[in-house]
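Letters go in sequence order (proteins before strands), and every chain restarts at 1. All values below were derived from every heavy atom in this structure, side-chain atoms included, with hydrogens, water molecules and symmetry-related copies excluded.
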Amino acid sequence: MNNILEVQNINKSYKDFSLKNVSFELKEGYIMGFIGPNGAGKTTVIKLIMNLIKKDSGSIKVFGKDHIKNEKEIKDRIGFVYDDNCYYEEFKLYEIKRIIAPFYSKWNDDLFNKYIRQFELPLDKKLKKLSKGMKMKFSIAMALSHDPDLIIMDEPTAGLDPVFRAELLELLLELMQNENKSIFFSSHITSDLDKIADYITFIYDGEILFSRTKDEISESYGIVKGANELLNEEIKKSFIHCTQSPYGFEALTMDIPKIRQEFGDSVIIERPSLQDIMVHMHMARRQAGNE
Amino acid sequence: MKIILSNSSDKPIYEQIVEQIRSQILYGELSEGTQLPSIRKLAQELRISVITTKRAYEELEREKLIETVAGKGSFVASQNKELMREKKLAEIENKLSEAIKDSKLLNMTLDDLIEILRFLYEEDKHE
């Protein structure tokens with residue numbers, strides 16, 4: 001199977017933040033969710049992929065080709081949704097479309113009109129008159145109307161209500177019926193979109209903590225809950241992070257067999273949500289930083 | 001075909017799919033030759049990852065319950081009668097083992113358990 005997106009050992013340093021050896025790959029026909037807290041480096045990575053900023057070192061390939069040498073050809077096949085509006089606000093929607101459309105060799109007016117109708121967008125209104133949700137809908141319509149093979153979205157659901165999130169989910173699932181399409185999106189809230197992601201890449205403080213299929217993740221991590229008396233220093237070693245209240249503890253582990261063996265049925269082991277994993281890992285890191 | 005997924009179950013999603021399709025095949029609700037939705041269609045309808053549905057179908061193929069024909073799709077495989085009976089027996093054994101495990105937690109004896117089984121069996125006959 002082909003890699004649609006291949007990021008290898010990317011480094012990028014700023015004064016107070018740096019990306020360290022960021023690597024991951026996305027195969028054709030799949031969806032990857034790129035998650036991490038605010039400020040972890042998600043937007044920086046996306047901007048590097050889109051060649052909006054320059055990397056210090058490493059390589060990025062899109063559709064198997066270097067993303068800078070073949071920039072024009074690659075971008076013709078990418079649908080890109082920014083986290084905030086990138087069009088000129090004084091223009092009316094149809095004017096923006098008229099300006100942008102000729103840049104794409106496969107621009108499809110029928111497709112565009114279909115999305116405009118579906119999202120109930122007013123073409124003769126100025127962009128600045130639109131609500132935040134409507135602006136996002138317009139960005140998505142613009143990004144999809146040239147029938148892209150790879151869709152890259154930076155926080156597409158931030159600030160959107162659950163109804164439109166569900167609508168967007170339907171739309172993306174429909175697109176994915178074509179097995180040559182791929183989607184890469186970032187989000188900091190682990191949202192409804194994560195449900196349909198095949199792969200999850202977790203970035204934290206400029207480093208990739210893991211990049212795996214979602215099934216592997218939900219099967220290798222467990223949330224352990226039980227009484228405080230059960231805890232000892234030895235067992236804490238098999239926890240990534242543990243929080244305690246007067247009534248019991250809750251911990252994240254990657255060693256479910258050991259916990260089962262040690263505690264049997266005296267603890268509850270649940271499948272963690274991505275949010276559980278994200279929060280526990282964050283607290284573990286912060287604790288390690290303080291010690 | 002019926003599939004109901006639970007997010008709170010500690011069984012992985014792919015396993016829930018396998019179990020439900022398997023039992024529908026074994027109990028004849030899905031008959032031989034029935035076409036299953038494509039992995040992408042099923043993922044869309046269940047709103048889950050393609051990898052999960054792919055994995056479920058691969059497992060069903062391994063168990064020879066379904067067959068996938070390239071370019072055509074996946075179909076319920078023809079089942080050997082003998083083998084079907086064996087698989088059903090295995091399922092019954094599994095369910096009984098679970099009941100035994102639970103009864104041990106309550107310190108029930110084998111006779112207690114047989115008594116319940118007999119009662120339920122007879123009751124079912126009267127219906």
Side-chain angles (χ1 to χ4, degrees), chain A residues 1 26-33 165-183 185 190-200 212-225 256 259-260 264-276, chain B residues 1 3-22 35-63 68-74 94 97-108:
Chain A
M1 224 175 316
L26 172 60
K27 289 189 173 30
E28 183 174 34
Y30 292 102
I31 303 177
M32 179 178 280
R165 290 212 300 266
E167 231 178 294
L168 179 60
L169 192 93
E170 293 293 319
L171 187 74
L172 297 177
L173 281 167
E174 188 59 47
L175 288 174
M176 290 307 285
Q177 294 305 302
N178 178 338
E179 50 196 75
N180 302 318
K181 306 277 179 203
S182 315
I183 300 176
F185 70 85
T190 54
S191 69
D192 345 21
L193 273 187
D194 303 337
K195 269 199 269 185
I196 59 166
D198 298 295
Y199 295 88
I200 295 290
R212 311 169 70 183
T213 71
K214 202 176 53 207
D215 287 13
E216 281 170 355
I217 295 166
S218 68
E219 281 159 39
S220 53
Y221 289 93
I223 292 281
V224 192
K225 292 175 180 173
I256 298 175
I259 302 292
R260 268 271 167 261
D265 289 335
S266 61
V267 292
I268 298 172
I269 302 180
E270 291 173 343
R271 268 191 294 151
S273 65
L274 287 171
Q275 199 160 332
D276 290 331
Chain B
M1 193 164 84
I3 297 178
I4 305 206
L5 298 178
S6 157
N7 282 323
S8 51
S9 160
D10 58 352
K11 272 194 193 123
I13 302 286
Y14 90 93
E15 221 175 289
Q16 296 183 36
I17 298 172
V18 168
E19 276 177 6
Q20 294 178 44
I21 296 183
R22 183 199 289 130
Q35 181 160 17
L36 300 175
S38 72
I39 54 168
R40 283 182 186 269
K41 198 75 206 162
L42 188 63
Q44 178 185 16
E45 275 155 4
L46 297 174
R47 288 180 184 70
I48 54 175
S49 136
V50 173
I51 286 188
T52 308
T53 51
K54 196 165 160 226
R55 198 166 157 204
Y57 277 23
E58 280 167 1
E59 178 61 33
L60 290 164
E61 278 164 27
R62 236 194 317 277
E63 296 181 18
T68 298
V69 185
K72 286 201 167 159
S74 300
N94 276 339
S97 309
E98 261 176 56
I100 291 170
K101 210 174 118 192
D102 286 349
S103 66
K104 281 184 178 163
L105 286 175
L106 294 179
N107 291 323
M108 288 168 65

Check: Met176(A) and Gln44(B): side-chain contact (heavy atoms from CB on, under 4.5 Å), yes or no, with the steps?
Finding: CA-CA 8 Å; Met176(A) 290 307 285; Gln44(B) 178 185 16; over 6 Å; no
Note to self: Counting only non-hydrogen atoms closer than 4.5 Å, does Gln177(A) touch chain B with its backbone (N, CA, C, O), its side chain (CB onward), both, or neither?
What the structure shows: both
Check: Tell me, do Arg271(A) and Ile13(B) make a side-chain contact under 4.5 Å, heavy atoms counted?
Finding: yes
Check: Which value, rounded to the nearest 0.5 Å, describes the distance between Arg40(B) atom CZ and Lys181(A) atom NZ?
Finding: 11.5 Å
Notebook entry, point to check: Does Leu105(B) CG have over 12 foreign heavy atoms under 6.0 Å away?
Noted result: yes
Margin query: Between Glu219(A) and Arg55(B), does the salt bridge (charged side-chain N to carboxylate O under 4.0 Å, His left out) criterion hold? Intermediate values first, please.
Written below: CA-CA 14 Å; Glu219(A) 281 159 39; Arg55(B) 198 166 157 204; 3.0 Å; yes
Checklist line | Pairwise distance CD1(Ile196(A)) to CG(Leu46(B)) - rounded to 0.5 angstrom | finding: 13.0 Å
Note to self: I'd like to know whether NZ of Lys41(B) has more than 12 heavy-atom contacts from other residues, nucleotides or ligands below 6.0 angstrom.
What the structure shows: yes
Margin query: Are Ile51(B) and Lys214(A) packed together at the side-chain level, in the sense that at least one heavy-atom pair is separated by less than 4.5 angstrom?
Written below: no
Margin query: Counting only heavy atoms not in Gln35(B) (residues, nucleotides, ligands), do more than 12 fall under 6.0 Å from its CD?
Written below: yes
Note to self: If we define contacts as heavy-atom pairs under 4.5 Å, which of Ser49(B), Ala43(B), Pro12(B) has the most with chain A?
What the structure shows: Ser49(B)
Check: Around Asp265(A), counting heavy atoms of other residues, nucleotides and ligands shown, do more than 12 lie under 6.0 Å from its CG?
Finding: no
